Asks: 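Okay, here's the structure, questions in a sec.
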Amino acid sequence: MDTVLSLCSGIGGLDLGLHAGLRMVGGVPRTVCYVEREAFAVACLGKAIKEGRMDDAASWTDLKTFPASIFRGKICGLIGGYPCQPFSSAGKRKGEDDPRH
């Protein structure tokens, strides 16, 4: 089994894409932890997990305090999203002045 740690997970788009790709070549990926701080995204992840669309995995809300050492040697892959909110046309577009950048 390929284990994955997901950082800045958002609503899980990268996870879904990676998992679909690995399954196409015979892989059986499993996300072991999601790290996401935005409440809306965390709620979306929780709903997707409950509905069985995402792996049931631990969740952490602060990358700065995430205890990465407990996953050392236990994961095969790492994926991470870029904080897009500061640049999104749906937001305030503060760019580098946004604290989430």
Side-chain angles (χ1 to χ4, degrees):
M1 176 183 290
D2 295 315
T3 53
V4 178
L5 177 61
S6 178
L7 304 178
C8 302
S9 305
I11 61 171
L14 289 175
D15 298 81
L16 291 173
L18 174 71
H19 285 49
L22 287 174
R23 286 187 187 113
M24 288 176 71
V25 296
V28 185
R30 169 150 172 63
T31 298
V32 296
C33 187
Y34 303 99
V35 181
E36 175 56 51
R37 76 182 224 172
E38 294 294 322
F40 176 76
V42 171
C44 288
L45 281 173
K47 182 179 179 193
I49 290 168
K50 186 176 181 180
E51 294 173 350
R53 294 183 288 115
M54 303 284 289
D55 291 325
D56 188 4
S59 193
W60 199 265
T61 58
D62 190 349
L63 188 56
K64 293 177 184 177
T65 63
F66 176 66
S69 62
I70 65 173
F71 292 96
R72 188 170 291 127
K74 298 177 184 172
I75 60 167
C76 295
L78 175 70
I79 59 174
Y82 183 79
C84 58
Q85 299 92 337
F87 303 97
S88 172
S89 62
K92 296 179 182 176
R93 288 169 266 164
K94 291 184 176 180
E96 293 178 5
D97 294 331
D98 191 309
R100 296 172 293 185
H101 175 65

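All values reported here derive from a predicted model rather than from experimental measurement. Every heavy atom of this structure was used, including side-chain atoms; hydrogens, water molecules and symmetry mates were not.
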Asks: Nearest 0.5 Å please: distance from the CG atom of L7 over to the CG atom of L63.
Replies: 5.5 Å
Asks: What pair of heavy atoms forms the shortest contact from C8 to G81, and how long is it?
Replies: CB-O, 3.2 Å
Asks: Mind checking side-chain hydrogen bond (donor to acceptor under 3.5 Å, both in side chains) for T65 and listing every partner two or more places apart, or none if nothing turns up?
Replies: W60
Asks: Which residue pairs pass the side chain to side chain donor-acceptor pair (under 3.5 Å) test with at least one member in residues 6-23, sequence neighbours excluded?
Replies: S6-S9, S6-D15, D15-T31, H19-T31, H19-D55
Asks: Report yes if some heavy atom in the side chain of R37 is under 4.5 Å from a heavy atom in the side chain of D62; otherwise report no.
Replies: no
Asks: Taking only residues two or more places apart in sequence, or in another chain, which ones meet L18 in a side chain to side chain contact (heavy atoms under 4.5 Å, CB included)?
Replies: V4, L22, I79
Asks: Where is the tightest heavy-atom contact between L16 and R53, given as atom of each residue plus distance?
Replies: CD2-O, 3.5 Å
Asks: Does V32 share a hydrophobic cluster with M54, counting links as ILVMFWY side-chain heavy atoms below 4.5 Å and allowing steps through other members?
Replies: no
Asks: Using side-chain heavy atoms (C-beta onward) and a distance below 4.5 Å, is F66 in contact with L5?
Replies: yes
Asks: Could you check if a side-chain atom of T3 sits within less than 4.5 angstrom of a side-chain atom of K74, using non-hydrogen atoms only?
Replies: no
Asks: Distance from R30 atom CZ to I75 atom CD1, nearest 0.5 Å?
Replies: 13.5 Å
Asks: Side chains of S69 and R72: does their closest heavy-atom pair fall under 4.5 Å?
Replies: yes
Asks: State the OG1-OH distance between T61 and Y34, to the nearest 0.5 angstrom.
Replies: 15.5 Å
Asks: Determine the minimum heavy-atom distance between A57 and C33, stating which atoms define it.
Replies: CB-N, 3.8 Å
Asks: Where do G10 and E36 come nearest, in terms of heavy atoms and distance?
Replies: N-OE1, 2.6 Å
Asks: For the CD1 atom on I11, are there more than 12 heavy atoms of other groups (residues, nucleotides or ligands in this structure) within a distance under 6.0 Å?
Replies: no
